[in-house]
Amino acid sequence: MPTERRRVRRHRSLAARRAEDLRLLRTLLAVDPRPRADLGALSAELRPARGRPSSLTGRLRSRLRIDGRRGPRLLAAAHDLSAAEVARALDTVPALEPVPRGPARWVPVPLRGLTAPGSAAARPAEGARNRPVRPLSIRQGRLSDCWFIAVLAACEHMRPGFTASLVRPTDNGLVEVRLHTPGARWVTLSPRVPAAHRAGDRRLRPNAASLVEKAAALTYGRGFYRRIQGDFAGVALGLLTGRWCPARPVPLRLSRIEHWLAAGRPVVASTLVRPGGSFRVPREDDPHRSVAVMDGHVYVVRRVARLSEDGSPDPHEPLRVHVHNPLGGTEGEPRRTDLFLSAAQLRRTFISVNVGPRLR
């Protein structure tokens with residue numbers, strides 16, 4: 001009985017909080033945004049006082065009772081708003097967006113291929129049901145969240161369409177992203193992402209991965225992109241799949257990794273932070289050449305096959321594991337994006353691996 005009472009009280013508290021958030025959104029929409037262009041009058045009205053933020057934006061957020069955590073959370077109460085009201089709210093109140101790492105410039109994310117569940121567009125055409133799904137291109141941007149982007153890319157590589165399955169648009173122009181924080185929930189956010197310092201496709205154009213990263217900044221980062229920098233791959237697997245997958249030692253044999261990949265489990269490998277920073281690993285085919293490896297970084301494990309150290313299939317070569325740097329970029333000398341390592345090179349390069357649950 002006490003547990004049931006706590007559940008009822010928590011439900012009432014959540015309902016009251018959502019009602020208060022919706023009331024605040026309505027209040028913000030009732031304010032004509034044109035006088036806000038007069039920054040002089042706004043500065044005089046929001047004159048800094050002792051204990052208040054000194055910046056104009058900070059004073060405005062304080063006056064509207066919106067901080068870095070509550071502002072983006074208000075969008076969860078926007079389901080009752082029309083598309084026009086949502087667009088005006090986003091244009092009027094910048095605090096509804098998470099705080100980016102770089103300039104606060106936002107670009108829209110194309111929502112092609114993302115349809116509302118249950119709609120007619122969500123059902124595949126007759127001739128497209130058996131068509132293979134192409135994996136989404138995912139690349140880490142100028143944000144130190146390789147722990148999250150590498151895991152997302154590994155899940156997408158293992159099950160094409162995984163990233164798109166986490167995102168669904170709403171009828172009023174917003175999108176929802178499914179994360180586990182720790183229970184499964186749909187995070188409401190706008191279809192806009194920072195123009196820089198964020199993930200995207202191979203050319204860093206915004207895509208569904210940008211929205212999933214933004215949802216992580218809203219929840220795990222508590223409204224700040226900077227707070228999702230520098231973490232562990234096991235945390236990302238928990239956020240994306242709901243399963244806690246701790247790090248394990250690098251296996252002695254590549255057949256173990258081959259077994260994980262064949263079972264449909266995403267695999268990532270992590271390097272240790274070194275005092276000297278990035279380092280090089282000598283190649284086995286030419287001791288005078290090497291491959292470049294980033295320290296304190298998470299790589300995507302893609303496949304195990306008989307390959308040369310340049311990635312060419314060769315039945316006479318030993319088994320090598322293909323690891324991909326989520327930062328992407330063109331290859332040069334030494335190789336730094338797609339590495340093809342033997343078991344000995346793998347153990348010398350990486351300190352641990354994380355293996356996710358079955359995705360297919």
Side-chain angles (χ1 to χ4, degrees), residues 68-69 72 97-107 109 136-157 163 166 177 179 181 187 189 193-240 245-247 266-280 291-301 323-330 336-339 349-354 356:
R69 296 186 62 179
E97 300 285 9
V99 180
R101 180 191 172 189
R105 294 186 295 108
W106 303 88
V107 294
V109 177
L136 182 71
S137 174
I138 299 177
R139 181 181 176 183
Q140 178 188 350
R142 296 176 60 185
L143 194 68
S144 302
D145 60 346
C146 60
W147 63 276
F148 186 82
I149 299 302
V151 169
L152 182 61
C155 293
E156 179 69 24
H157 175 73
T163 306
L166 301 177
V177 177
L179 289 181
T181 59
V187 183
L189 45 91
V193 294
H197 304 321
R198 50 106 183 117
D201 63 6
R202 62 172 56 92
R203 297 182 182 178
L204 287 180
R205 296 172 298 190
N207 60 4
S210 312
L211 294 173
V212 178
E213 180 187 49
K214 181 180 179 181
L218 283 171
T219 55
Y220 191 73
R222 294 174 294 172
F224 293 84
Y225 272 86
R226 287 182 178 272
R227 290 180 178 171
I228 63 172
Q229 297 187 118
D231 218 305
F232 299 98
V235 177
L237 284 166
L239 288 172
L240 295 172
C245 305
V267 183
V268 295
S270 303
T271 59
L272 185 66
V273 177
R274 299 195 176 195
S278 300
F279 58 100
R280 295 191 179 190
V291 295
V293 183
M294 295 182 62
D295 73 316
H297 198 54
V298 184
Y299 286 72
V300 183
V301 178
V323 295
H324 174 75
N325 188 340
L327 280 172
T330 57
R336 62 186 70 247
T337 300
D338 289 283
L339 311 181
T349 304
F350 296 94
I351 186 175
S352 64
V353 296
N354 291 80

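The residues of the chain are indexed from 1 along the displayed sequence.
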Student: With no hydrogens and no angle check, is any side-chain donor or acceptor of S144 less than 3.5 Å from a backbone partner on G230?
Tutor: no
Student: How far apart are the closest heavy atoms of V323 and Y299, and which atoms are they?
Tutor: CB-CB, 4.3 Å
Student: About how many Å separate CG of D201 and OG of S210, when rounded to the nearest 0.5 Å?
Tutor: 8.0 Å
Student: Going by heavy atoms in the side chains, are V293 and R274 under 4.5 Å from each other?
Tutor: no
Student: Which atoms form the tightest heavy-atom contact between A154 and V268, and what is the distance?
Tutor: CB-CG1, 3.8 Å
Student: Between Y225 (side chain only) and E213 (backbone N and O only), is there a donor and an acceptor less than 3.5 Å apart?
Tutor: no
Student: Going by heavy atoms in the side chains, are L179 and L240 under 4.5 Å from each other?
Tutor: yes
Student: If we ignore hydrogens and angles and just use 3.5 Å, is the side chain of Q140 paired with the main-chain N or O of P326 as donor and acceptor?
Tutor: no
Student: Going through the distances and angles, do V99 and R226 end up as a side-chain contact (heavy atoms from CB on, under 4.5 Å)?
Tutor: CA-CA 8 Å; V99 180; R226 287 182 178 272; over 6 Å; no
Student: For the residue pair V109 and N207, what are the closest heavy atoms and their distance?
Tutor: CG1-O, 3.4 Å
Student: Without swapping roles, check the side chain of T337 against the backbone of G328 for a donor-acceptor pair under 3.5 Å.
Tutor: yes
Student: Which value, rounded to the nearest 0.5 Å, describes the distance between R198 atom CZ and L211 atom CG?
Tutor: 10.0 Å
Student: Taking T271 for its side chain and F350 for its backbone only, find out whether a donor-acceptor pair lies under 3.5 Å.
Tutor: no
Student: So which heavy atom on A153 is nearest to which on I138, and how close?
Tutor: CA-CD1, 3.9 Å
Student: Which heavy atom of C146 sits nearest to which heavy atom of V298, and what is that distance?
Tutor: SG-N, 3.6 Å
Student: Any side-chain heavy atom of K214 within less than 4.5 Å of one from P98?
Tutor: yes
Student: Is there side-chain contact between L143 and I149, with heavy atoms separated by less than 4.5 Å?
Tutor: no
Student: I would like to know whether F148 and I228 meet side-chain contact (heavy atoms from CB on, under 4.5 Å); could you show each step before the answer?
Tutor: CA-CA 8 Å; F148 186 82; I228 63 172; 5.9 Å; no
Student: If only atom types and distance count, is the side chain of R336 paired as donor or acceptor with the main-chain N or O of G329 below 3.5 Å?
Tutor: no
Student: Side-chain contact, heavy-atom cut-off 4.5 Å: F232 with S270?
Tutor: no
Student: Looking at every non-hydrogen atom in both residues, tell me the closest pair between L136 and A209 and how far apart they are.
Tutor: CD2-N, 4.0 Å
Student: Closer than 3.5 angstrom, by distance alone: can the side chain of N354 be matched with the main-chain N or O of A233 as a donor-acceptor pair?
Tutor: no
Student: Kindly indicate whether the side chain of L204, heavy atoms from C-beta on, has any atom under 4.5 Å from the side chain of R139.
Tutor: yes
Student: Verify, without hydrogens or angle tests, whether T163 (side chain) and A208 (backbone) share a donor-acceptor contact under 3.5 angstrom.
Tutor: no
Student: Please confirm whether the backbone N or O of W147 pairs with a side-chain atom of D231, one donor and one acceptor, at under 3.5 Å?
Tutor: no
Student: Taking the side chain as everything from C-beta on, heavy atoms only, tell me whether R101 gets closer than 4.5 Å to P194.
Tutor: no
Student: CE of M294 to CG of L327: how many Å apart, nearest 0.5 Å?
Tutor: 5.0 Å
